[in-house]
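Beneath this line is the structure, given in structure tokens, with notes to follow.
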Amino acid sequence: MDKISEENKMISNRIKILRDKFKYHKIDGYIIPKNDEFFSEYAENDRLKNISKFTGSAGLAIILKKNNYLFVDGRYTIQAENESGKNFKVIEIHKNLPCSIIKKCKLGFDPHLFTSNNLKNYFSYKTTLIPIDENLIDKIYKNKLKKTKSFFSLPEKVIGENHQLKIKKIINFLKLSKADYLFVSAPENVAWLLNIRGYDNPTSPIPNSRLIIGKNKTLLLITEKDNAQKIIIQKKISKDQVISFQKFREVINNLKGANFIIDNQSCSIFSEKIIKSKFKIINKKDPIYKLKSIKNSSEIKHMIEAHKKDGLALTRFIHWIKNVNNKDISEVDAQNKLEKFRRMNNDYLYPSFNTIAGAGANGAIVHYRATNLNTKMINKDDIFLCDSGGQYKYGTTDVTRTLCFSKPKQYIKDTFTKVLKGHIAVALTNLNKDDNGKKVDLRARKFLKKDGLDYAHGTGHGVGFFLNVHEGPQSISKYNSIKFEKGMILSNEPGFYKKDNFGIRIENLLHVKQHKNNLYFENLTLAPIDKDLINYALLDQVEKDYLFKYHLNIYAEFSQHLNKKEKKWLAGFI
């Protein structure tokens, strides 16, 4: 029996064990989300993977007595079929919500892993939802989680704003909202408010914790005391202000006041129920999401520096893979080589997400991940898509480049160029006119749409400062109307994917700059765009000028750090 067959059999056995538990809990099925208790996108304890084999960053499984469903968005349909199609019916969630398929049954769920909003969006009143405090997947299989390390503080000169000033902003927000407390349930928001980071996520410096902040200056950090040792010594918080997760109910019962703001994006049903038992709930968005999205000048300065370091590694990598003589290179070899180039910089810490290195048909799997089990050799006729990023001291990067190794077919060149035209259109947006993601998304797609082509993901996501690679509330998508403001960082990544053939994506990070009354995008990412894939006849003069200036800037920044061959090659882009 091969490795894949063994894994499918293992998953089938786990599903059988799970179904055996339905009778005891009096349920017809069980819901398993991707996120953990902290609603992390890339969680250590990946229960969805444990029960389905699916490794994407977003998804929802529902296991019934006879049928299994895996709901994913457009980024993951091919990947989900490949990884989980043997045991699950894969459904694109934007086309069919769970409530359109699953009706009139009793579904169990872990209340630590869902918000009340999640469940309202996914299920109708015809479905009975039954909270089960013990997680049934953990009863079958639980990841061996690494021992957590103590949280750490960021230097004030890096972060640019004292945590006490940030706390004052929240207290003012509470007073204006006529609220007594805010429950900060998202760990990245706790990180921003206290200027701390941690080690609780494989690809982000997240400190798994929650926070209660009151208008009377109450400040309670909800985590284990061991996690807070360093920040207690640094007097970021006192030991009396640290409470364990187990004492949450007791602390809520001892607080005085009338109402609590909770965020329905990250406050679990479990926590909401405890707070609701004593306080009136005010459902408002946690203001930290918006505050965190607007980076100050110090954060932007460090993000620029991180992108220079990352860009040099990417530029060297692109030169290497385009010119390497040894053709026996696999997708895993390529991503390992890129990691080596990044590690040449002492400020590089680790990837900001799992590298996506897809050759040929694998490039059409939007969030493909090559492993030693599935890696493909990169052939000279393949189109190679590489999406990667790094966490640096101090900054977060995310960049995608699509490369070829021989003369590509005209259709591929033309399609790449239409994606590039959309990418340039986003970068050159007049933000005084097209001031939100919904409007900018149209600009990115228009050249593809003229030929009836499109892509099933958003054009861009927000990015954190030395935090999560995906952070809102801003994004460039069909559905986002958040106004862009100076200091926001977004990705610009239109693409096109031909199933079983190739994938194209061109991604830079941008930040919103302001000159007088004008807002505009400026590139953070510095890495060459493969000229061998461009049909210059399809570009107008503005687009050609943009590319010339973009590559000239890269050459000016990196030429002194490159060897002769690399330097000569890079000069060819100008």
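None of the values given here were measured: they were computed from a predicted structure.
- Between His367 and Tyr76, the ring center distance clears the sub-6.0 Å criterion.
- Within the 4.5 Å cutoff, the side chain of Leu291 has no heavy atoms near those of the Tyr289 side chain.
- Going from atom CG of Asp540 over to atom CD1 of Ile424 covers 8.5 Å, rounded to the nearest 0.5 Å.
- In this model, a donor atom of one side chain and an acceptor atom of the other lie less than 3.5 Å apart for Asp310 and Tyr392.
- When the shell of 6.0 Å around NZ of Lys49 is examined, it contains 12 or fewer heavy atoms from other residues, nucleotides or ligands.
- Here the closest non-hydrogen pair linking Thr402 and Leu533 is O-CD1, 3.4 Å.
- Side chains of Lys513 and Asn518: a donor-acceptor N/O pair is absent below 3.5 angstrom, by distance only.
- Between Arg443 and Ala425, the shortest heavy-atom contact is NH2-O, 2.8 Å.
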Worked check of side-chain hydrogen bond (donor to acceptor under 3.5 Å, both in side chains) between Thr417 and Asp414: CA-CA 5 Å; Thr417 307; Asp414 290 350; 5.4 Å; no
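- Electrostatic pairing of Glu493 and Arg505 counts as a salt bridge here, judged by a charged N lying under 4.0 Å from a carboxylate O.
- With values rounded to the nearest 0.5 angstrom, Ser297 atom OG is found 10.5 Å from His302 atom NE2.
- Between Ala334 and Phe384, the shortest heavy-atom distance links the atoms CB-CZ, 3.8 Å.
- Remark: Asp36 pairs with no residue by the salt bridge (charged side-chain N to carboxylate O under 4.0 Å, His left out) rule, at least two apart or across chains.
- Contact between Ala357 and Gln335 at its shortest, heavy atoms only, is CB-OE1, 3.6 Å.
- Interatomic distance, Asn189 CG to Asp263 CG, rounded to the nearest 0.5 Å: 7.5 Å.
- In this structure, Asn372 places its CG atom where only 12 or fewer heavy-atom neighbours from other residues, nucleotides or ligands lie under 6.0 Å away.
- Taking the six-membered ring where the residue is Trp, the centroids of Tyr497 and His457 are separated by under 6.0 Å.
- Taking the charged nitrogens against the carboxylate oxygens, Lys376 and Glu331 have no contact shorter than 4.0 Å, which rules out a salt bridge.
- Shown here for Cys404 and Ile383, the closest heavy-atom pair between the two residues is CB-CD1, 4.0 Å.
- A donor-acceptor contact closer than 3.5 angstrom links the side chains of Ser388 and Arg342.
- Under the 4.5 Å side-chain criterion, counting only non-hydrogen atoms from C-beta, Ile78 is in contact with Lys499.
- There is no side-chain donor-acceptor pair under 3.5 Å between Asn553 and Glu557.
- Under a cut-off of 6.0 angstrom, the local environment of NZ in Lys89 is sparse, with at most 12 non-hydrogen atoms contributed by other residues, nucleotides or ligands.
- Arg401 pairs with exactly one of Asn508, Asp530, Thr315 by the side chain to side chain donor-acceptor pair (under 3.5 Å) rule, that one being Asn508.
- The CD1 atom of Ile206 sits 10.0 Å away from atom CZ of Phe151, with the distance rounded to the nearest 0.5 Å.
- Remark: the Gln391 side chain and the Ser352 side chain contain no N/O donor-acceptor pair separated by less than 3.5 Å.
- The aromatic rings of His470 and Tyr42 sit tilted, their planes meeting at an angle between 30° and 60°.
- Side-chain rings of Tyr199 and Phe152 approach one another, their centers coming within less than 6.0 Å.
- If you look at Phe71 and Tyr122, their ring centroids are not closer than 6.0 Å.
- The side-chain tip of Arg445 points at the ring of Tyr455 from less than 6.0 angstrom away and within 45° of straight on.
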Carefully, step by step, assess Lys565 and Asn323 under the rule side-chain hydrogen bond (donor to acceptor under 3.5 Å, both in side chains). CA-CA 10 Å; Lys565 284 185 180 178; Asn323 294 282; over 6 Å; no
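- For Asp435 and Lys483, the salt-bridge test passes: some basic side-chain N is under 4.0 Å from an acidic carboxylate O.
- For the residue pair Ser406 and Asp381, a side-chain donor N or O sits within less than 3.5 Å of a side-chain acceptor on the partner.
- Other residues, nucleotides and ligands contribute over 12 non-hydrogen atoms within 6.0 Å of the NZ atom of Lys285.
- For the pair Lys421 and Phe447, the cation-pi test (distance below 6.0 Å, angle within 45°) is passed.
- A donor-acceptor contact closer than 3.5 angstrom is absent between the side chains of Asn480 and Asn436.
- For the pair Lys544 and Tyr546, the NZ or CZ position fails the cation-pi test of under 6.0 Å to the six-membered ring centre and within 45 degrees of the ring normal.
- Shown here is Lys439, whose NZ atom has more than 12 heavy atoms of other residues, nucleotides or ligands within 6.0 Å.
- Under the 3.5 Å distance criterion, the side-chain polar atoms of His511 are left unmatched by any main-chain donor or acceptor of Ile489.
- In terms of heavy atoms, Asp454 sits closest to Phe496 at O-CD1, 3.6 Å.
- Ionic pairing of Arg343 and Glu339 is present here: one or more N-O contacts between side-chain nitrogen and carboxylate oxygen are shorter than 4.0 angstrom.
- At least one cation-pi condition fails for Lys380 and Phe405: the charged atom is not both under 6.0 angstrom from the six-membered ring centre and inside a 45 degree cone around its axis.
- In summary, Lys413 and Asp532 do not engage in a salt bridge, as defined by a charged side-chain N under 4.0 Å from a carboxylate O.
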Set out, in order, the CA-CA distance, both residues' side-chain angles and the distance that settles salt bridge (charged side-chain N to carboxylate O under 4.0 Å, His left out) for Lys290 and Glu485, then state yes or no. CA-CA 10 Å; Lys290 178 69 181 296; Glu485 295 185 43; 2.8 Å; yes
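- Taking the ring axis of Trp569 as reference, the NZ or CZ atom of Lys322 does not stay both within 45° of it and closer than 6.0 Å to the ring centre.
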